[in-house]
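What follows is a short report on a single structure.
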Amino acid sequence: MSMTNERTWVTAGLVFLGTRDIDIVETANRVRVALARMGHRITGTRVQSDDSAIVASCCHTMRIGIEYDAFIDEFSKQVPRVLTLDIAQDDKDPTTDGQGMTNDMVLTHVLKDLHWQMSADYIRWVGHSRLLSSADFLLMTTDLPGPAQSA
């Protein structure tokens, strides 16, 4: 068995059916705030381009991307904007962070914060496997538990 420390990325995002200006710096700052609200110490932010940034915390590395005219399988067509969020998951430790939250849960919290501020039409659920309407996503995350320390 190979003992490599490969990094995989868990992906989700916000889908916008209309043309929307998304500022990568503002979005990265929103991700920073969402992670900090969960008790994570932010260790760095790097804007790589007008449509790409990385936010790192004590526990997670998150990539932010903006896709233009992205093809959405569920619609069998392109949509004007997709804001993608990828969270790094090291194969050696895919469980929880210091707050007792899995990568999926952290991603969900960040998605919920961004959606609240940006009002996406659809939410690309973790792993590109499911597309939820805005109303369904809000219903599913109404009672979203917070970090273990705030329980």
Subject >> Student check: side-chain heavy atoms of Val110 and Met62 closer than 4.5 Å >> reply: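 Side-chain contact under 4.5 Å: yes.
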Subject >> Heavy-atom side-chain proximity of Gln48 to Ile54 below 4.5 angstrom >> reply: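 Side-chain contact under 4.5 Å: yes.
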N/O donor-acceptor pair under 3.5 Å between [X] side chain and [Y] backbone:
X      : Y      : answer
Thr141 : Phe137 : yes
His115 : Ala120 : yes
Arg124 : Thr11  : no

Original post:
Between Leu111, Val15, Thr108, which is the residue that forms a side chain to side chain contact (heavy atoms under 4.5 Å, CB included) with Ile123?
Top reply: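 Exactly one candidate clears the test, Leu111.
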Original post:
When you look at CG of Asp23, are more than 12 heavy atoms from neighbouring residues, nucleotides or ligands closer to it than 6.0 Å?
Top reply: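 More than 12 heavy atoms, drawn from other residues, nucleotides or ligands, come within 6.0 Å of this atom.
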Subject >> Neighbour count above 12 (heavy atom, 6.0 Å) for Trp9 CH2 >> reply: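 Yes, because the 6.0 Å sphere around CH2 of Trp9 holds more than 12 heavy atoms from other groups.
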Compare every heavy atom of [Y] with every heavy atom of [X], then report the nearest pair and how far apart it is.
X     : Y     : value
Ala36 : Ile42 : N-CD1, 4.3 Å
His60 : His40 : CD2-CE1, 3.2 Å
Ile64 : Ala28 : CD1-CA, 3.6 Å

Working to the nearest 0.5 Å, report the span between [atom1] of [X] and [atom2] of [Y].
X      : Y      : atom1 : atom2 : value
Arg41  : Ser57  : CZ    : OG    : 8.5 Å
Arg30  : Leu35  : CZ    : CG    : 14.5 Å
Ile87  : Asn103 : CD1   : CG    : 4.5 Å
Arg20  : Arg81  : CZ    : CZ    : 10.5 Å
Leu114 : Ser119 : CG    : OG    : 11.5 Å
Leu17  : Lys77  : CG    : NZ    : 6.5 Å

**OP:** Examine Tyr122 together with Phe75 and report whether their ring centres are nearer than 6.0 Å.
**Re:**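 Yes, ring centres under 6.0 Å apart.
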Original post:
Which is it for Leu83 and Met118 under the side-chain contact (heavy atoms from CB on, under 4.5 Å) test, yes or no, and what are the steps along the way?
Top reply: CA-CA 10 Å; Leu83 176 67; Met118 303 174 84; 3.9 Å; yes
Original post:
Strictly by modelled atom types, are Arg32 and Thr45 linked by a side-chain donor-acceptor pair under 3.5 Å?
Top reply: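 Yes, because at least one side-chain N or O of Arg32 sits under 3.5 Å from a partner of the opposite role on Thr45.
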Subject >> Exercise: do Ser49 and Asp51 side chains pair donor with acceptor under 3.5 Å >> reply: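 Yes - a donor-acceptor pair under 3.5 Å links their side chains.
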Cluster link [X] to [Y], ILVMFWY, side chain under 4.5 Å:
X      : Y     : answer
Val31  : Val25 : yes
Met140 : Leu85 : yes
Val106 : Val33 : no

**OP:** For the pair Tyr68 and Val82, evaluate side-chain contact (heavy atoms from CB on, under 4.5 Å) and give the outcome as yes or no after the intermediate values.
**Re:** CA-CA 7 Å; Tyr68 302 91; Val82 176; over 6 Å; no
Subject >> Listed once per pair and sorted, the salt bridge (charged side-chain N to carboxylate O under 4.0 Å, His left out) pairs that draw on residues 108-123, sequence neighbours left out >> reply: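 Applying salt bridge (charged side-chain N to carboxylate O under 4.0 Å, His left out) to every pair that reaches into residues 108-123, excluding sequence neighbours, yields Arg37-Asp113.
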